[in-house]
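Since the structure is predicted, the reported quantities are computational estimates derived from the model, not experimental observations.
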Amino acid sequence: MSALPDLRLELACPSPVCGVDEAGRGPLAGPVCAAAVILDHDRIPSGLNDSKKLTAKVREALDAEIRQSAVAFCVAFASVEEIAELNILHATGLAMRRAVEGLGVAPAFALIDGNYKFKLPCEIRAVVGGDGLSLSIAAASILAKTARDRLMVEMDAVYPGYGFAGHKGYGAPTHMAALKRLGPTPIHRMSWGALKAMFEDA
């Protein structure tokens, strides 16, 4: 059984420290989302973990607990247009910067999931697999994932027939079949090679 994330990384950093993570770098549709969280070390919700290891029901419950107990949190997006203009890596960095800048308490340090050192308004450390190591990054991963999933459920009502509520914009077979049948929507990432190839002769 793998170990759960803890506060060792946070305690080695200047305080206050925020965890930062993203959701939605891989999908064919929808924005990329990032969250930043400064946890109250005396009020940490039980069961915090990498959002990918949790069920949707558990994520939703923890999302509410994090929002209620954290010292500060912020969720931010970068749009499909910004992804096309900047590329997905730099759009992710933009969403992360917006999330950190939106915190009600200015962090002295940020722990970022992954290996890329995005430029943020404080000192940073990139942590590969950070959502499974740091409780702050795990909390951020949950907020980012739940916020983006909620948005994609809303997009399912705006653009019916694509199944966004189920696959959340990822390249599932049902999504690809709907694209071939219905064509792209304004929230599809047409700058991506897979979609360009599908529709370049359309």
**Asked** Atom SG of C13 and atom CD1 of I124: how far apart are they, to the nearest 0.5 Å?
**Response** 11.5 Å
**Request:** Establish, yes or no, whether a centroid distance under 6.0 Å links the rings of F164 and H175.
**Result:** yes
**Item:** Euclidean distance, I88 CD1 relative to T92 OG1, rounded to 0.5 Å
**Value:** 4.0 Å
**Complete:** For G47 and L54 the tightest heavy-atom approach is O-CD2, 4.1 Å
**Request:** May I ask you to test the P184-M198 pair for a side-chain heavy-atom distance under 4.5 Å?
**Result:** no
**Nearest non-hydrogen partners of I38 and C18, listed with the distance** = CG1-CB, 3.6 Å
**Request:** For the pair D63 and R59, find out whether any cationic side-chain nitrogen is under 4.0 Å from an anionic carboxylate oxygen.
**Result:** no
**Asked** Just checking, is any N or O donor in the side chain of E10 or S136 under 3.5 Å from an acceptor N or O on the other one?
**Response** yes
**Prompt:** With the threshold set at 4.0 Å, does a side-chain nitrogen-carboxylate oxygen contact exist between R150 and E60?
**Reply:** yes
**Fill in**
The side chain to side chain donor-acceptor pair (under 3.5 Å) partners of R8 (sequence neighbours excluded) come to D6
**Fill in**
When rounded to the nearest 0.5 Å, the distance separating CZ of R148 from OG of S51 is 12.0 Å
**Beyond-backbone contact of V75 with T146, side-chain heavy atoms, under 4.5 angstrom** = no
**Asked** Do side-chain atoms of R189 reach the backbone of V80 as a donor and acceptor pair under 3.5 angstrom?
**Response** no
**Prompt:** If you measure from NZ on K168 to CG on D149, what distance do you get to the nearest 0.5 Å?
**Reply:** 4.5 Å
**Asked** Is there a side-chain contact between I187 and M152, using heavy atoms and a 4.5 Å cut-off?
**Response** yes
**Message:** Just verifying a value: how many Å separate S141 OG and L143 CG, rounded to the nearest 0.5 Å?
**Reply:** 8.5 Å
**Message:** Can you confirm whether D50 sits close enough to D21 that some side-chain heavy atom of one is under 4.5 Å from a side-chain heavy atom of the other?
**Reply:** no
**Asked** Is the F118 to H90 ring centre distance short of 6.0 Å?
**Response** no
Identify each donor-acceptor pair in which a side-chain atom of residues 95-117 lies under 3.5 Å from a protein atom, sequence neighbours left out, and give them as a table.
| unit_1 | atom_1 | unit_2 | atom_2 | d |
| --- | --- | --- | --- | --- |
| R98 | NH1 | F77 | O | 2.8 |
| R98 | NH1 | E82 | OE1 | 3.0 |
| R98 | NH1 | E82 | OE2 | 3.4 |
| R98 | NH2 | E82 | OE2 | 2.7 |
| D113 | OD1 | G130 | N | 2.8 |
| D113 | OD1 | D131 | N | 3.2 |

**Message:** Please give me the minimum heavy-atom distance between S79 and P31, naming the atom from each residue.
**Reply:** CA-CB, 4.1 Å
**Request:** For A35 and A144, work out which heavy atoms get closest and say how close.
**Result:** CB-N, 3.7 Å
**Request:** Consider only side-chain heavy atoms of I, L, V, M, F, W and Y, link residues closer than 4.5 Å, and tell whether V20 and L89 are in one cluster.
**Result:** yes
**Message:** Looking at R43, is its backbone amide N or carbonyl O close enough to the side chain of S69 to form a donor-acceptor pair, meaning the two atoms are under 3.5 Å apart?
**Reply:** yes
